[in-house]
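Data block below; observations after.
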Amino acid sequence: MRRVDVGRLGLTLAAPVLAVLVAVGLTTLVLLAVGDPVSTTWGTILDAGADPRSVALTLSSATTYYLSAVAVAIGFRMGLFNIGVDGQYRLAAFVAALVAGSVSLPAPLHVGLAIVVAALVGAMWASIAGLLKVTRGVSEVISTIMLNAIATSLVAFLLREFRSPVLGANNIGTEPIPASGRVPGLPLVPGTPERVYGLVVLAVAVGIGYAVLVDRTRFGFDLRAAGGSQSAAVASGVDVRRMVVSAMLLSGGVAGLVGLPELLGASYTYSQTFPAGLGFTGIAIALLGRNHPVGIALGALLWAYLDVSANPLQILAGVSSEIVEIMKGITVLAVVVAYEVVRRHRLAREQRQVARELTAGARTPEQVPA
Amino acid sequence: MPRVTSIATALAAAVLAVAGCASESEPASTATGSEETLKVGLAYDIGGRGDQSFNDSAAAGLDRAKAEYGVETNESVASEGEPESAKEERLRLLAQNGFDPIIAVGFAYGPSLAQVAPEFPDVRFAIVDDASVMEDNVANLIFAEEEGSFLVGAAAALKSQSGQLGFIGGCTVPLIGKFEAGYAAGAKHINPDAEVDVRYLSDPPACPGFSDPAAGNTAATGMYESGADIVYHAAGGSGSGLFEAADAAGGLAIGVDSDQYLTADEAVRDAILTSMLKRVDVAVFDFITSVRDGDFTAGEVVYDLEAGGVGYSTSGGQVDDITDQLDEIAQKIIDGEIKVPTEP
């Protein structure tokens, strides 16, 4: 049996390795095709990995991506496709910025208030889609996309109402959050003054919470059961409607946190230039990480690492930053394909194994695996 | 992190070995340029070159400096959803690699430039469309978009048969509001009964309405069908949709930023009455010139009608008969007789 386990482990690792290999190979072909310097490009990307500043920037970016991907993954585990993370985090970050910018509290309470407000707003916005699904049967894919558009307009409207032109005449934002509501960066990477978002701690906590909740609790079991087969879940006493709403609330709650590392750690205001589109990045990273808490972390780090290398690529190597986007796209595609290939391979392998053991079992029945 | 890095390292090393080229060759850091050549760094906002809007305009100014002064250039562009730190890093990398001057295109760079400029007191920076960064080594290149828009608004009202005009904005940001405010005021200056139908294509922060010709076309078609005969846009790349709609509806359109009669598709050129010029190219070129000639000055440089930073275009000859009137209005604005609003 031990040999089988090693084989399984090998197969599990084979998929991401295969995917990255394919992505690197295809990207190299693209570079060759457009006549960009291949060695300089990879050299620049690798140099970023050795540069402490880039490592710190990568960790900061990955913090945001991780939260976004976990939010998406919670839905995925339940078979729900929450495309609305994007709208949820923008609305949540905006309201949190508004609230945190208008109160004065001792630091821990101030930060705590911002986090709670953001999570609640995210959860509330996502719950609309959950309620629509259980009461009216509206697909969450459609409703969350629609809610993204509504969130965009709502925030744009509210921003004009509550604007504080602190950033010059052409940019408007919420009142800046006072010092007590800011989360200082952590000097996690030696050799650089660049600090990592203080809320990296929050991301780690969310990751641990996600791992425990999904794999170690009754609720997590119900969630996965409902995600695997709704009818089977109903048959074993799971209230699927309740699970849909709970999953959307949780997913939205985590989504609400996505904008906070940037808001409380760097920008201190929700302005017109607040990062957009992080929710969609989260979908790709959840796919990359196969919804696994550690897998998502690796996916988020890879994504952030590629993002961070976009600047040196453009400025030092003279390669268009689009190559980074191409690389990301190919990686996601390759991961999806690789997992499918490995899954089929594993299936065939298991069938052969069973066949072999059955044949052997005809002679020595006690060896048939349970 | 270590795991990802080591995997990536191993893989890339393998690929390089296969490709048969070692990665020792650093990008022979551009730092070896002669003392005489200026090294100009330029950081675009999302879209970069080819956005048919202000990024392109900035690029034109850079190209001119390259052609006339032989300056060395380095261009980089923002990616969507990037954090503040990525913008800072872009400017910082340029400064660290010996680029001076460095031009940040767009107000989105305001907060990041405020961080980076003090770190490099000897490097001269410029930022387009932002007046919030106040440092001794930063020039703020700002434009009086409302003044140029006032002139094309007046031109539209003079040319309109129906008295019904349209305005299409790319995104509901205050910057685009200046275009709308000036345009409406200019139209009403000529014809107090003129009506301006206003439509914005998107909201911040993503602002997809600056690169969505289909949305521009739909909005414009709606305006022409409801009786408007001249529509002005401040919607970047979406403007090409307006020109097509104008051509199809037999109406007229007004371009923005550059002389769009010259760059639009030939089939729709006749539908372009004039364009409101916002000379980001001139501002960028002037700034590089000032650094080259050693007379860099920090602080606001206002490109208004008086400075020739905004205006209207005459290509196509459709406004030839009213240039006298428009120039008279322009003079009144310069003299302060006409006050142009900046908010709708």
Side-chain angles (χ1 to χ4, degrees), chain A residues 17 20-21 24-25 28 32 38-40 42-46 49 53 55 57-61 64 90 152-153 155-157 159-160 165-172 194 262 266-267 271-278 281 298 301-302 305 307-308 310-312 314-318 321 324-325, chain B residues 1 3-5 7-9 11-16 18-19 21-27 29-30 41 48 74-77 79-87 89-90 93-94 97 99 107-111 129-133 140 142 171-175 178 202-207 342:
Chain A
V17 171
V20 174
L21 209 65
V24 170
T28 303
L32 287 173
V38 176
S39 57
T40 313
W42 291 117
T44 307
I45 291 179
L46 293 180
R53 177 187 284 281
V55 173
L57 289 169
T58 301
L59 286 173
S60 286
S61 253
T64 306
R90 281 187 278 119
T152 303
S153 300
V155 170
F157 167 73
L159 190 55
R160 285 196 295 276
V166 284
L167 303 164
N170 286 333
N171 195 3
I172 53 174
E194 185 71 37
E262 173 80 3
S267 71
S271 76
Q272 291 173 354
T273 53
F274 200 77
L278 296 172
T281 309
L298 294 176
L301 285 168
L302 175 64
Y305 178 60
D307 270 348
V308 167
N311 274 326
Q314 291 186 84
I315 293 167
L316 303 179
S321 66
V324 166
E325 301 302 318
Chain B
M1 194 60 218
R3 182 174 153 187
V4 176
T5 322
I7 291 175
T9 311
L11 290 177
V15 167
L16 294 184
V18 170
C21 36
S23 75
E24 289 143 29
S25 57
E26 258 310 280
S29 198
T30 33
N74 189 317
E75 296 162 62
S76 53
V77 58
S79 52
E80 201 191 313
E82 66 178 18
E84 211 55 72
S85 62
K87 290 192 171 63
E89 204 53 21
R90 192 166 303 121
L93 264 176
L94 285 169
N97 284 277
F99 288 93
F107 65 80
Y109 280 101
D129 281 351
D130 174 279
S132 70
V133 191
N140 311 79
I142 56 175
C171 192
T172 53
V173 292
L175 178 64
K178 288 163 81 179
S202 66
D203 291 310
C207 289
T342 55

Engaged part of Ser153(A) at the chain B interface, taking heavy atoms whose separation is under 4.5 Å: both
Part of Thr152(A) within contact of chain B (heavy atom distance under 4.5 Å): both
Proximity breakdown for Glu89(B) and chain A, heavy-atom pairs closer than 4.5 Å: both
Max heavy-atom pair count under 4.5 Å with chain B, selected residue of Ala276(A), Ala310(A), Ser267(A): Ala276(A)
Top of Arg90(A), Arg53(A), Glu325(A) for chain B proximity - count of heavy-atom pairs under 4.5 angstrom: Arg53(A)
Pairwise distance [atom1]([X]) to [atom2]([Y]) - rounded to 0.5 angstrom:
| X | Y | atom1 | atom2 | answer |
| --- | --- | --- | --- | --- |
| Ser60(A) | Glu84(B) | OG | CD | 13.0 Å |
| Phe107(B) | Ile172(A) | CZ | CD1 | 9.0 Å |
| Asn311(A) | Leu93(B) | CG | CG | 6.0 Å |
| Ser85(B) | Leu57(A) | OG | CG | 5.0 Å |

So [Y] and [X], do their side chains get closer than 4.5 Å, heavy atoms only?
| X | Y | result |
| --- | --- | --- |
| Thr64(A) | Pro83(B) | no |
| Glu82(B) | Asp307(A) | no |
| Gln272(A) | Pro174(B) | yes |

Residues Asp203(B), Val155(A); criterion side-chain contact (heavy atoms from CB on, under 4.5 Å); working and verdict: CA-CA 9 Å; Asp203(B) 291 310; Val155(A) 170; over 6 Å; no
Option in Ile142(B), Thr172(B), Asn140(B) with maximal non-hydrogen atom pairs under 4.5 Å from chain A: Thr172(B)
Minimum-distance pair of heavy atoms, taken over all atoms of Leu278(A) and Gly81(B): CD2-O, 3.7 Å
